[in-house]
Amino acid sequence: MINYIKKTYRGNKESFFKVLENNLVNNNKMFIVTANPETFMKADSISEFDKALMKPDTTIVPDGIGVVKAANYIGITEINERITGVDISYKLLELANKYSKSIYLLGASKDVIELTVKNINKEYPKVNILGYSDGYVDNKDDIFKRIKNISPDIVLVALGVPKQELLIAKHYDSFSKGIFVGVGGTFDVISGTKKRAPQIIQKLNIEWLYRIIGNKERIKRFYDSNVKFIFKLRKLAKEEK
Ligand code: UDP
């Protein structure tokens, strides 16, 4: 658990976006995991997921405020703001539009992915969408084989944690280029199906609260991951001292 936090990208959003731009322009391969406490709790209990996170060429970024706070708690001060899957996706679309790069989109329901493609075509006309698929098809390995043949510059996978990361990790080594990101509920936002929390809520770092209010399943997920995460972190940090 502490290993994941120590491995998390140290810097702010602006500096990370420079890394993204540099890698996209130079065709450097990249695998980005946008992490929140739930990500780390799951990785702790699924060894394949743990391996994917700890691989040297996997970049973990702090998607959730819980990861920023946890880093600060163990004395890492360079991690000081969230870098979310939604932010990374919009940045990559902006950069792909600027440099006429290509993209493949996998995940979400059929309606959502189709609306996502439509909105990208409208807002980012120079982005070359090489293909897309909803996230409920059976054989996603076949889809990845197809993606490998068309070799896009960017691959966004929205299947939820850890499905999206495990799928990327399984195929990553067979690619020679591409920026791969597990982006969770991002297509729901790009498609306009779900709204992100208002700016003020994002600024106050309580977007998590906005997402769980009135959603029983998310409240349970919050307890199972975030609350247990805090206790576990405190225990491990004490043991390290
Ligand atoms: N999803 C999918 N296939 C699945 C399960 C989930 O395409 O088998 C999609 C789902 O439609 C949603 C996204 O994955 O668009 C995950 O959203 P969620 O908000 O649960 O992700 P989180 O960011 O919380 O991990």
Side-chain angles (χ1 to χ4, degrees), residues 4 8 31-46 48-49 52-53 58 60-68 82-93 103-120 131-144 146-147 155-171 180-197 201-202 205-229:
Y4 309 144
T8 299
F31 173 20
I32 303 165
V33 176
T34 60
N36 53 40
E38 192 174 3
T39 315
F40 291 163
M41 291 300 283
K42 284 188 178 155
D44 236 4
S45 60
I46 306 169
E48 216 184 319
F49 191 23
L53 284 196
T58 301
I60 304 171
V61 296
D63 182 296
I65 189 65
V67 174
V68 178
R82 298 172 63 204
I83 306 174
T84 70
V86 177
D87 292 339
I88 291 174
S89 302
Y90 278 121
K91 188 68 196 180
L92 283 172
L93 287 169
I103 195 166
Y104 191 99
L105 308 155
L106 167 63
S109 68
K110 202 164 177 294
D111 288 353
V112 167
I113 191 70
E114 279 169 4
L115 271 173
T116 301
V117 167
K118 198 171 150 216
N119 285 350
I120 294 175
Y132 63 90
S133 167
D134 70 81
Y136 294 90
V137 288
D138 277 344
N139 202 339
K140 298 189 186 69
D141 291 320
D142 284 348
I143 293 200
F144 251 80
R146 204 186 316 151
I147 299 175
V155 180
L156 302 183
V157 185
L159 302 171
V161 178
K163 267 193 211 160
Q164 55 197 24
E165 285 81 13
L166 291 177
L167 188 67
I168 295 172
K170 188 168 171 194
H171 296 275
F180 296 78
V181 200
V183 293
T186 296
F187 298 161
D188 299 289
V189 175
I190 300 180
S191 64
T193 316
K194 264 191 203 152
K195 287 232 167 355
R196 255 197 105 169
I201 304 264
Q202 290 183 42
N205 280 323
I206 50 170
E207 195 170 9
W208 57 272
L209 184 62
Y210 182 88
R211 288 185 90 187
I212 67 171
I213 282 177
N215 184 329
K216 265 194 204 145
E217 200 233 336
R218 279 203 187 267
I219 291 173
K220 184 178 178 310
R221 265 173 68 180
F222 180 80
Y223 177 77
D224 282 346
S225 53
N226 292 261
V227 177
K228 289 185 185 164
F229 172 76

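Read the numbers this way: they start at 1 and go in the same order the structure lists the ligands and their atoms. If you're wondering where the values come from, they're calculated on a predicted model, not measured in any experiment.
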The option among Ala108, Ser191, Gly160, Pro162 carrying the non-hydrogen atom nearest to atom 16 (C) of ligand 1 is Gly160

Which residue owns the protein heavy atom closest to atom 3 (N) of ligand 1, what's the atom, and how far is it? Gly135 O, 2.9 Å

Would a 4.5 Å heavy-atom cut-off, applied to side chains only, mark Leu105 and Ile113 as touching? yes

Shortest protein heavy-atom distance from atom 13 (C) of ligand 1, along with the residue and atom involved: Gly184 O, 3.5 Å

Of the protein's non-hydrogen atoms, which lies at the shortest distance from atom 14 (O) of ligand 1, and what is that distance? Ala158 O, 3.1 Å

Does ligand 1 have an atom that lies less than 4.0 angstrom from a heavy atom of Tyr136? yes

For ligand 1, which part of Lys42 has a heavy atom less than 4.0 Å away: the side chain, the backbone, both, or neither? neither

Does ligand 1 have any atom sitting under 4.0 Å from a heavy atom of Gln164? no

Can you pull out the closest protein heavy atom to atom 24 (O) of ligand 1? Residue, atom name and distance to 0.1 Å, please. Arg221 NH2, 3.0 Å

To check your reading of the model: name the closest protein heavy atom to atom 18 (P) of ligand 1, its residue, and the distance in Å. Arg218 NH2, 3.9 Å

Does ligand 1 have any atom sitting under 4.0 Å from a heavy atom of Glu38? no

Indicate whether the side chain of Asn119 and that of Thr116 have a donor and an acceptor atom separated by less than 3.5 Å. no

Does ligand 1 have a heavy atom under 4.0 Å from the side chain of Asp188, from its backbone, from both, or from neither? side chain

